[in-house]
2 protein chains.
Amino acid sequence: MSVTREKIIELGENLIRTKGYNAFSYQDISTELGIKNAAVHYYFPSKENLGTSIIKTNIQRFEEMIDNMHSRKFDEWQQLETFIKIYIKSHREQKLCLVGSLGPDINTLSNTTKAELVKMTEIIHHWLAGILTSGKMNNIFSFNDEPQNKATLIFSCLVASLQLSRIIDKFDYKAVCQSIIEDLKP
Amino acid sequence: MSVTREKIIELGENLIRTKGYNAFSYQDISTELGIKNAAVHYYFPSKENLGTSIIKTNIQRFEEMIDNMHSRKFDEWQQLETFIKIYIKSHREQKLCLVGSLGPDINTLSNTTKAELVKMTEIIHHWLAGILTSGKMNNIFSFNDEPQNKATLIFSCLVASLQLSRIIDKFDYKAVCQSIIEDLKP
DNA sequence: AAATATACTTACTAATAAGTAAGATGATGT
DNA sequence: ACATCATCTTACTTATTAGTAAGTATATTT
């Protein structure tokens with residue numbers, strides 16, 4: 001696959017996560033890569049197409065991560081901590097996650113992009129509910145809620161804390177993550 | 001104060017909370033109100049100015065709500081539930097809260113608008129930490145975290161759950177709120 | 001009655017956006 | 001040597017954006 005294509009995807013993702021979908025333009029990408037506006041359209045005919053591709057790439061990356069954790073026989077704690085580490089890294093880089101940056105713009109997205117965002121969010125949520133269910137069954141996690149509901153709570157905390165940490169300074173993101181973890185300990 | 005001015009503020013807020021700051025235009029407002037684009041500029045010379053005014057109005061509304069709760073001698077439970085009800089209403093209307101919709105766009109806001117968003121977020125966070133502190137002291141609430149940290153967790157859950165509920169269907173927002181409440185019970 | 005302020009409209013400008021059609025360049029395959 | 005393909009550039013169009021300058025109508029004040 002083309003290097004330029006991959007760079008566009010990566011740059012587009014970073015732009016969405018720092019400025020938001022409706023604030024970034026093909027010009028932002030072409031200028032940064034030292035190419036012309038039309039070159040970006042060569043790889044991604046429309047912005048809708050680029051947006052969808054960025055989400056698709058992320059879904060793929062997430063599923064590869066899960067496969068990798070399964071093949072390495074990670075238990076539920078290790079899986080949860082790996083997931084949380086993605087968010088700690090996002091926080092360090094002052095970026096949101098894709099769900100948290102595209103979510104508020106959902107009413108402005110095309111149907112295909114929206115469908116892909118829904119898919120990605122559901123995959124993550126479903127996976128999280130899954131490890132919470134099995135973790136609870138194996139007495140590795142302890143909580144009273146329905147796993148589905150607990151997954152929502154944890155996911156929400158991670159997503160919005162990234163947003164709040166860019167607004168409020170002196171924000172202790174790791175303490176938030178630690179609380180999530182402590183809360184699940186038996 | 002002018003009725004048109006107030007309508008613009010209200011409409012602008014709703015547009016931010018449904019489409020996002022960078023997706024709405026003065027045209028959206030003028031068309032809806034049956035006036036011309038320039039009439040909106042008459043009241044709010046720039047979009048930055050309108051954005052800032054919308055946040056200022058919200059801060060005022062929040063502070064009036066707090067004053068009202070104090071004068072009616074609301075205890076910590078009643079205050080928390082009143083706050084949560086705002087979010088349940090937002091969910092019913094399929095809208096985000098201002099913090100959750102402007103937060104992801106923070107890097108595209110002017111310094112004055114950004115400052116106002118920071119102020120609003122800090123006021124809410126500080127108030128929430130306050131009732132958690134006094135609620136814990138009076139043994140009305142029970143939790144292990146630092147109140148500051150607990151406030152972040154609860155605030156995050158409310159903010160991001162609104163976002164997630166627009167993405168995932170079959171989303172039980174009230175169950176999320178109920179979990180937050182149950183978690184604080186002694 | 002004249003002056004003034006309020007609340008707009010008309011008619012623009014300049015910038016930026018997404019997107020396109022046609023052509024240039026160079027590598028690869030036949 | 002020739003054709004083909006990928007990867008762009010040049011040069012655009014069309015639409016939308018925030019924003020403005022100047023004018024109009026109506027009500028209020030002096």
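Throughout, a chain's letter reflects where its sequence line sits, starting with A, and its residues are numbered from 1.
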Determine all donor-acceptor pairs shorter than 3.5 Å in which one atom belongs to a side chain in residues 155-166 of chain A; sequence neighbours excluded.
from: A:Ser156; atom 1: OG; to: A:Thr152; atom 2: O; distance (Å): 2.8
from: A:Ser156; atom 1: OG; to: B:Ser161; atom 2: OG; distance (Å): 3.0
from: A:Ser161; atom 1: OG; to: A:Cys157; atom 2: O; distance (Å): 2.6
from: A:Ser161; atom 1: OG; to: B:Ser156; atom 2: OG; distance (Å): 3.0
from: A:Gln163; atom 1: OE1; to: B:Gln163; atom 2: NE2; distance (Å): 3.0
from: A:Gln163; atom 1: NE2; to: A:Gly100; atom 2: O; distance (Å): 3.0
from: A:Gln163; atom 1: NE2; to: B:Gln163; atom 2: OE1; distance (Å): 3.0
from: A:Ser165; atom 1: OG; to: A:Ser161; atom 2: O; distance (Å): 3.3
from: A:Ser165; atom 1: OG; to: A:Leu162; atom 2: O; distance (Å): 2.9
from: A:Arg166; atom 1: NH1; to: A:Arg17; atom 2: O; distance (Å): 3.4
from: A:Arg166; atom 1: NH1; to: A:Gln94; atom 2: O; distance (Å): 3.4
from: A:Arg166; atom 1: NH2; to: B:Pro104; atom 2: O; distance (Å): 3.2

Pairs meeting criterion side-chain hydrogen bond (donor to acceptor under 3.5 Å, both in side chains) with involvement of residues 108-119 of chain A, two or more places apart
A:Asn22-A:Thr108, A:Glu48-A:Ser110, A:Glu48-A:Thr112, A:Thr52-A:Thr113, A:Lys56-A:Glu116, A:Ser110-A:Thr112, A:Ser110-A:Thr113
What is the distance, rounded to the nearest whole Å, between atom CG of B:Asn22 and atom C1' of D:dT16?
14 Å
Spacing between B:Ile29 atom CD1 and D:dT16 atom P, to the nearest angstrom:
17 Å
Could you pull out all residues at least two apart from A:Thr133 that satisfy side chain to side chain contact (heavy atoms under 4.5 Å, CB included)?
A:Pro147
Counting heavy atoms from C-beta on, name the nucleotide in C:dA7, D:dC8, D:dG19 closest to the side chain of B:Tyr43.
C:dA7
The criterion is side-chain hydrogen bond (donor to acceptor under 3.5 Å, both in side chains); which residues satisfy it with B:Asn68, sequence neighbours excluded?
B:Arg72
Presence of A:Thr4 side-chain N/O under 4.0 Å of D:dC8 phosphate oxygens OP1/OP2:
yes
Quick note, B:Tyr26 side chain, CB onward, closest among D:dA18, D:dT7, C:dA7 is D:dA18
Atom-pair distance (CD on B:Gln27; P on D:dA18), nearest Å:
8 Å
Nucleotide nearest A:Lys47 (side chain, heavy atoms from C-beta), chosen from C:dA18, C:dC8, D:dC8:
C:dA18
Among C:dA17, C:dG19, C:dC8, which is the nearest nucleotide to the side chain of A:His41?
C:dG19
Which whole-number value in Å describes the distance from A:Leu50 CG to C:dA17 P?
15 Å
How are the rings of B:Tyr87 and B:Phe83 set relative to one another: parallel (under 30°), tilted (30 to 60°) or perpendicular (over 60°)?
perpendicular
Expressed as a whole number of angstroms, how long is the span from A:Leu33:CG to D:dT7:P?
14 Å
Results of side-chain hydrogen bond (donor to acceptor under 3.5 Å, both in side chains) for B:Ser142 - residues two or more places apart only:
none
Atom pairs under 3.5 Å, N or O on each side, protein against nucleotides 9-16 of chain C: can you list them with distances?
from: C:dT9; atom 1: OP2; to: B:Lys36; atom 2: N; distance (Å): 2.8

Select base, sugar-phosphate, or nothing to describe what A:Phe24 touches, counting heavy atoms under 4.0 Å on all strands.
sugar-phosphate
Sequence neighbours left out, what passes side-chain hydrogen bond (donor to acceptor under 3.5 Å, both in side chains) with A:Asn149? Give chain and number order.
A:Asp145, B:Ser179
Would you work out how much the helix from C:dA1-D:dT30 to C:dT30-D:dA1 bends between its ends, with each end axis defined by five base pairs, to 10 degrees?
10°
Can you list everything that forms a side-chain hydrogen bond (donor to acceptor under 3.5 Å, both in side chains) with B:Asn138? Sequence neighbours excluded, please.
B:Glu76
Should the pair B:Asp105-A:Lys19 be classified as a salt bridge under the 4.0 Å nitrogen-to-oxygen rule?
no
